[in-house]
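In what follows, every chain begins at residue 1, and chains take the letters A, B, ... in the order their sequences are listed. Note that the structure is a prediction, hence the values are computed from the model and not measured. Note: hydrogens, waters and symmetry copies are ignored here, and every other heavy atom, side chains too, is used.
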Number of protein chains: 2
Amino acid sequence: MKFPSIWLQGASLGEAIASELRLQIISGTIKRGEILSENRIAGEFGTSRSPVREAMKTLSGEGLIQLERMGAVVMGLSLKDVEELYDVRYLIESFVQGHVFMNPQPELIQHLRQIVDRMELAAKHGDPIEFSYQDLTFHERIITEANHKRILHLWKSIRPIVITVMFITTKQVFSGGGTRVRHVMDKHLQLIGEMESLDEARIQTAVQRYFDDSRQTLHLSFPEG
Amino acid sequence: MKFPSIWLQGASLGEAIASELRLQIISGTIKRGEILSENRIAGEFGTSRSPVREAMKTLSGEGLIQLERMGAVVMGLSLKDVEELYDVRYLIESFVQGHVFMNPQPELIQHLRQIVDRMELAAKHGDPIEFSYQDLTFHERIITEANHKRILHLWKSIRPIVITVMFITTKQVFSGGGTRVRHVMDKHLQLIGEMESLDEARIQTAVQRYFDDSRQTLHLSFPEG
DNA sequence: AGATGTATACTTGTATACAAGTTAAAATTC
DNA sequence: GAATTTTAACTTGTATACAAGTATACATCT
């Protein structure tokens, strides 16, 4: 599996290497416990140590590897780890919805519907790359709405992992046929519907239900599941 | 103001520079909007660009600066930003308490009391460096208890900012006399007391009250407040 | 054999060099 | 004087070089 090159537009070598390594770690090609050497990685990618070093620091900041005196040890991302990631995603979105629900913001709802439309289009074209990207955009759009710098930063710190996990699982979902793809889109539409109620309790329940369901999807579409 | 050298034991040049810059940004010596050049910083610290570059990436990961094509722009940390940081701290501790409250864990309570004892000692010696470090340790000990890798990682990502803010505010609190110091310790003791109740609702209320009060303290002891 | 010392091949941390791109000011042209 | 081009001084991204420390395997000694 290779990281979508479209997502590397204008990226530095360091970012590209980080993305590639991230995908390999999450997909399990590089296994937990393995030890990464800057020299070796640089050799494999045909670059110097500089961009590799940058990539290592990035991945360390995401918790995928741990920098030590002698080599970087791969922490990996088990199914349980992804569930923990979903815990954080739930915390973020729950918090955000709690801060946004009172603002009707018709623009937000409209924009979210537009994004789901793009997902439908991507589904029709059988394009999991575009589909997962729109999925990410959907959630990012909601989070942005809160105007909360620290929460947004928190999101940005897990964003690369989230998009990578989405990419992997979405490919799996696509290979599973149209009904599962349809289900993913419906989930988003349901969430939008509840957001329109402007009833915080209902919205919170909807968010919770959304992530509960996502965990289910996860078990069906993540390598380890 | 200088960053406590005790906290830099075994740190690389990159980490030391990051810590020093972080303190200057948070304390306002380096102001929001200012543009940092790797070359200039390297010159000021008498090092090469390599460790500076590492420090810049660290600070960028913490949201204190933003890396751009031409220089890194300082985002700073306003009073509002610190309040947002407390939002996240509250989210973390609330989540963690929700996962830990059922486990009696006498060791945890015992350890927390021990930490408060150390705070008392530091207070007696008029040592804000040790005091703020124990304050940090107190919260870290609670968070560790949840055994939740992603949440722990989230904590670690804001940890350097938290300790720096604590260092600044604690120095201010110390200069304000004994009653304010006493108040901080009492807050921690109250939280421990409620944790012993094993009643989740009471614990959640206590956590909320703790951070509400911290915000008050913040307004009295943060430069901008 | 077992313990100890040593050589060697790794590792990261830091310094330096160079290329490519951006900004801003100065010089030139109209 | 104003607009435009050119130039010069910056910036980061990447490559390379060197220093210092660590683990491992091997040799030596008891």
Side-chain angles (χ1 to χ4, degrees), chain A residues 3 5-22 24-25 30-76 156 160, chain B residues 3 5-22 24-25 30-76 156 160:
Chain A
F3 192 82
S5 55
I6 310 165
W7 296 347
L8 292 176
Q9 296 286 7
S12 68
L13 264 177
E15 296 172 275
I17 292 174
S19 297
E20 214 63 64
L21 287 178
R22 186 184 298 115
Q24 290 186 31
I25 291 174
I30 297 179
K31 293 185 186 58
R32 174 185 173 82
E34 201 167 318
I35 281 169
L36 304 181
S37 142
E38 293 179 2
N39 272 316
R40 225 195 56 223
I41 304 285
E44 292 173 7
F45 282 92
T47 70
S48 77
R49 272 177 59 210
S50 302
V52 174
R53 197 175 170 74
E54 187 190 323
M56 299 280 245
K57 188 148 181 66
T58 300
L59 297 179
S60 157
E62 294 169 5
L64 293 176
I65 67 177
Q66 208 164 345
L67 269 35
E68 306 203 341
R69 309 109 199 74
M70 208 76 176
V73 51
V74 175
M75 306 303 291
K156 287 209 183 122
Chain B
F3 193 82
S5 54
I6 310 165
W7 296 347
L8 292 177
Q9 296 287 6
S12 68
L13 265 178
E15 296 171 275
I17 293 174
S19 296
E20 214 62 64
L21 287 178
R22 187 185 297 114
Q24 290 186 31
I25 291 174
I30 297 179
K31 292 183 187 60
R32 174 184 172 81
E34 201 167 318
I35 281 168
L36 304 181
S37 141
E38 293 179 3
N39 273 315
R40 225 196 55 220
I41 305 285
E44 292 173 7
F45 281 93
T47 70
S48 76
R49 271 178 58 209
S50 301
V52 173
R53 197 174 169 75
E54 186 191 325
M56 299 279 247
K57 188 148 180 65
T58 299
L59 297 178
S60 156
E62 294 169 4
L64 293 177
I65 68 177
Q66 208 163 343
L67 269 36
E68 305 203 340
R69 313 110 191 75
M70 208 75 175
V73 51
V74 176
M75 306 303 290
K156 286 206 183 126

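For the pair B:Ile25 and B:Gly76, the tightest heavy-atom approach, listed with the atom from each and the gap, is CG2-CA, 3.7 Å. In terms of heavy-atom proximity, B:Ile65 sits nearest to B:Met56 at CD1-O, 3.4 Å. Of all heavy-atom pairs between A:Leu64 and A:Arg22, the closest is CD1-CG, 3.4 Å.
With DNA chain C read from its 5' end, the first of the two nearest nucleotides for B:Glu54 and A:Arg40 is the one closest to A:Arg40. Place A:Thr47 and A:Met70 on DNA chain D by their nearest nucleotides, and A:Thr47 ends up nearer the 5' end.
Of the possible polar contacts, one joining the A:Arg32 side chain to the A:Met75 backbone as a donor-acceptor pair under 3.5 Å is found. No donor-acceptor distance shorter than 3.5 angstrom exists from the side chain of A:Glu38 to the backbone of A:Val52, with no hydrogens or angles considered.
Atoms CZ (A:Arg53) and P (D:dT14) sit 15 Å apart, rounded to a whole Å. The nearest whole Å value for the distance from the CG atom in A:Leu36 to the P atom in C:dC10 is 17 Å. The separation between A:Phe45 atom CZ and D:dT14 atom C1' is 16 Å, rounded to whole Å. Atom CZ of A:Arg69 is separated from atom C1' of D:dA19 by 19 Å (rounded to the nearest Å). Put simply, CG on B:Leu13 is 13 Å from P on D:dA20, counting in whole angstrom units. In this structure, B:Glu68 places its CD atom 11 Å from P of C:dT23, rounding to the nearest Å. Here the P atom of nucleotide C:dA15 and the CD atom of B:Glu38 are 13 Å apart, to the nearest Å.
When distances run from any side-chain atom of A:Arg49 to the nucleotides C:dG13, C:dC18, D:dT16, the shortest one goes to C:dG13. Counting only heavy atoms from C-beta on, B:Ser37 has its side chain closest to D:dT12 among D:dA15, C:dG13, D:dT12.
In this structure, B:Ile17 reaches neither bases nor backbone, as no heavy-atom distance under 4.0 Å exists between it and the strands shown. Using a 4.0 Å heavy-atom criterion, one finds that A:Ile35 contacts no nucleic acid atom at all. Base engagement by B:Ser50 is indicated by at least one non-hydrogen atom pair under 4.0 Å involving a base atom.
Remark: A:Asn39 is in phosphate contact with C:dT11, judged by side-chain N or O atoms under 4.0 Å from OP1 or OP2.
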